[in-house]
Amino acid sequence: MLVLVAPGQGAQTPGFLTPWLDLPGVEDRLRAWSDAIDLDLVHYGTKADEEEIRDTAVAQPLLVASALLSARQLFATTDAVAAEVGAVAGHSVGELAAAALAGTLTDETAMALVRRRGQAMAEAAAVTETGMAALLGGDEAVVRPHLEQLGLTAANVNGAGQIVAAGTAEQIAALVENKPEGTRRVVPLKVAGAFHTHHMAPAVSALESATAQLAVADPRTRYVSNKDGQAVSSGQELVRRLVGQVANPVRWDRCMETFKELGVTTLIEAAPGGTLTGLAKRALPGVRTLALKTPDDLDAARTLITETTSAAAAAGSAPAE
């Protein structure tokens, strides 16, 4: 079974969209989205520096656009995703790309919604100086109490020995100086706020207003939610979770547990890929993974898709014992 995933904030790097614009139609689509949401995605994806694309209001639309542009090179339509992909999921803001790939939102609606999400979360982050840091290694039973003692939240529980803490700048600094026993490293992340914590409550209210009259469809492909790793079959419930997730922890560990239970054999990560495939390599041994980093990865991805689909078809036609 093939799982298609979309990365979250922090995966962006300066110029990462440049090679994708050489593909037919990609620049035109990106410019159309730019006009629709009043944000120059071409500039930010090709020429902007690290500080510019760290801005939450820029990073989030840029990441969803990248995930959709790259995934659409493999699966041009919702029907194509439904035919060949067993499950979709996204990490944090990547959930909006996953919702579009599953058919609950159109690509255009996802771009409009992520623009509002990024703005609302940037506004919430500006109230207090906050941030996030990844803890590498360590036992969750030790890490969580340590974070609570410092007033921090386990905002992303990513599995494979990684938890991301979020809180005020002072709390993050204290964590860097005093990491939990057994943790190898504490790495501050290139994000501008304590996402998935109570600091983002104002953004939840903004998104509730933005989605109140939103036209949605039920997902055509199994959609695995960050909230608890469960598959969601209702479009309305999916959107409700997207909104609430802004101020609640991402449970990517549970998403990967669900992938395993479903029988995942192949995982492809949309651009800018790398983070989620790295987690999968550690948490899902034996699963073939591929990160779409540049268009040069597309042929290998197509080969994996064909092999996975052929294996699934063969298994389905095999006689029962």
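- No side-chain donor-acceptor contact under 3.5 Å links Asp35 to the backbone of Ala32.
- Atom CD of residue Glu51 and atom CG of residue Asp49 lie 7.0 Å apart, to the nearest 0.5 angstrom.
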Next item on the list: Show your reasoning for whether side chain to side chain contact (heavy atoms under 4.5 Å, CB included) applies to Leu2 and Thr309.
Entry: CA-CA 8 Å; Leu2 171 64; Thr309 302; over 6 Å; no
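- Judged purely by atom type and a 3.5 angstrom limit, Glu307 has no side-chain atom pairing as donor or acceptor with the backbone of Ile305.
- Checked for salt-bridge contact, Arg241 and Glu237 meet the test: a charged N lies under 4.0 Å from a carboxylate O.
- Leu105 CG to Met111 CE: the interatomic distance, rounded to the nearest 0.5 Å, is 12.0 Å.
- Looking only at side-chain heavy atoms (C-beta outward), Arg288 and Leu267 stay at 4.5 Å or farther from each other.
- Salt-bridge check for Arg144 with Glu148: failed, with every basic side-chain N at 4.0 Å or more from each acidic carboxylate O.
- With contacts defined as side-chain heavy-atom distances shorter than 4.5 Å, the pair Leu69/Arg29 qualifies.
- Looking only at distances, no side-chain donor or acceptor of Thr183 sits under 3.5 Å from a matching main-chain atom of Lys179.
- For the atom pair CE of Met256 and CG of Leu276, the computed distance is 8.5 Å after rounding to the nearest 0.5 Å.
- Side-chain contact, Thr306 with Thr303: no donor N or O sits under 3.5 Å from an acceptor N or O.
- Thr277 contributes no side-chain N or O that, together with a main-chain N or O of Gly273, makes up a donor-acceptor pair within less than 3.5 Å.
- Hydrophobic clustering of Ile, Leu, Val, Met, Phe, Trp and Tyr side chains at less than 4.5 Å, counting indirect connections, unites Val191 with Met121.
- Using a 4.5 Å cut-off between side-chain heavy atoms of Ile, Leu, Val, Met, Phe, Trp and Tyr, with links allowed through other members, Leu21 and Ile53 fall into the same hydrophobic cluster.
- For the residue pair Gln245/Glu95, the side-chain donor-acceptor check at 3.5 Å is not satisfied.
- Within 6.0 Å of CD in Glu108 there are more than 12 heavy atoms belonging to other residues, nucleotides or ligands.
- Closest of all the heavy-atom pairs between Tyr223 and Leu238 is CG-CD1, 3.5 Å.
- In this structure a side-chain-to-backbone donor-acceptor pair under 3.5 Å is present from Thr104 to Ala217.
- In this structure, Asp299 pairs ionically with Arg302, as a charged nitrogen and a carboxylate oxygen lie closer than 4.0 Å.
- Judged by distance alone, with hydrogens and angles left aside, the side-chain atoms of Thr265 form a donor-acceptor pair with the main-chain N or O of Met1 at under 3.5 Å.
- Between the side chains of Thr308 and Thr266, at least one donor-acceptor pair of N or O atoms lies under 3.5 Å.
- Shown here is Glu52, whose CD atom has more than 12 heavy atoms of other residues, nucleotides or ligands within 6.0 Å.
- No side-chain N or O of Thr128 forms a donor-acceptor pair with one of His199 less than 3.5 Å apart.
- Scanning all heavy atoms of the two residues, the minimum distance from Val246 to Ala203 falls at CG1-CB, 3.8 Å.
- For the residue pair Leu68 and Ala100, the shortest heavy atom distance occurs at CD2-CB, 3.8 Å.
- With hydrophobic clusters built from ILVMFWY side chains whose heavy atoms lie under 4.5 angstrom apart, Val93 does not share a cluster with Val157.
- Taking 4.5 Å as the limit, every side-chain heavy atom of Val232 sits out of range of all side-chain heavy atoms of Pro219.
- Atom CG of Leu189 is separated from atom CG of Asn156 by 8.0 Å, given to the nearest 0.5 angstrom.
- Between the side chain of Ser66 and the main chain of Ala271, a donor-acceptor pair closer than 3.5 Å is present.
- In the hydrophobic clustering of this structure, Met132 does not group with Trp252; members are Ile, Leu, Val, Met, Phe, Trp, Tyr whose side-chain heavy atoms approach within less than 4.5 Å, directly or through other members.
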Notebook entry, point to check: Can you list the steps and then say if Asp139 with Glu181 is a side chain to side chain contact (heavy atoms under 4.5 Å, CB included)?
Noted result: CA-CA 8 Å; Asp139 185 332; Glu181 183 179 354; over 6 Å; no
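- Here OG1 of Thr46 is found 10.0 Å from CZ of Phe16. Values are rounded to the nearest 0.5 Å.
- Val216 has its side chain within reach of Gln236: a pair of non-hydrogen atoms, C-beta onward, lies under 4.5 Å apart.
- No side-chain heavy atom of Lys227 sits less than 4.5 Å from a side-chain heavy atom of Arg251.
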Next item on the list: Applying side chain to side chain contact (heavy atoms under 4.5 Å, CB included), run through Val287 and Phe259 and close with a yes or a no.
Entry: CA-CA 10 Å; Val287 172; Phe259 301 160; over 6 Å; no
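- Using a 4.5 Å heavy-atom cutoff, the side chains of Glu269 and Leu292 are not in contact.
- His43 pairs in a side chain to side chain contact (heavy atoms under 4.5 Å, CB included) with only one of the listed residues (Asp40, Leu39, Leu41), which is Asp40.
- We find that Asp38 and Arg115 are not joined by a salt bridge, their nearest charged nitrogen and carboxylate oxygen being 4.0 Å or further apart.
- Contact annotation: the side chain of His146 approaches that of Leu150 to within less than 4.5 Å [non-hydrogen atoms, C-beta and beyond].
- Scanning both residues, Thr153 and His196, for their nearest heavy atoms gives CG2-O, 4.4 Å.
- In the hydrophobic clustering of ILVMFWY residues, with side-chain heavy atoms under 4.5 Å counting as a link, Leu63 and Leu74 come out together.
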Next item on the list: Could you check Leu135 against Gln162 for side chain to side chain contact (heavy atoms under 4.5 Å, CB included), going step by step and ending with a plain yes or no?
Entry: CA-CA 6 Å; Leu135 293 88; Gln162 186 188 103; over 6 Å; no
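- For the residue pair Gln171 / Thr168, a side-chain donor-acceptor distance below 3.5 Å is found, with atom types taken as modelled.
- Side-chain N/O atoms of His91 and Asn158 include a donor and acceptor closer than 3.5 Å.
- Thr56 places no side-chain N or O within donor-acceptor distance of the main-chain N or O of Ala122, the cut-off being under 3.5 Å.
- Closest approach of Pro272 to Ala11, counting heavy atoms only: CG-O, 3.6 Å.
- The minimum heavy-atom distance between Lys293 and Trp20, with the atom names listed, is O-NE1, 3.4 Å.
- Between the CG atom of Leu17 and the CD atom of Glu27 there is a distance of 11.0 Å, given to the nearest 0.5 Å.
- Two residues are said to be in side-chain contact when any heavy atoms from C-beta on lie closer than 4.5 Å; Leu175 and Leu152 meet this criterion.
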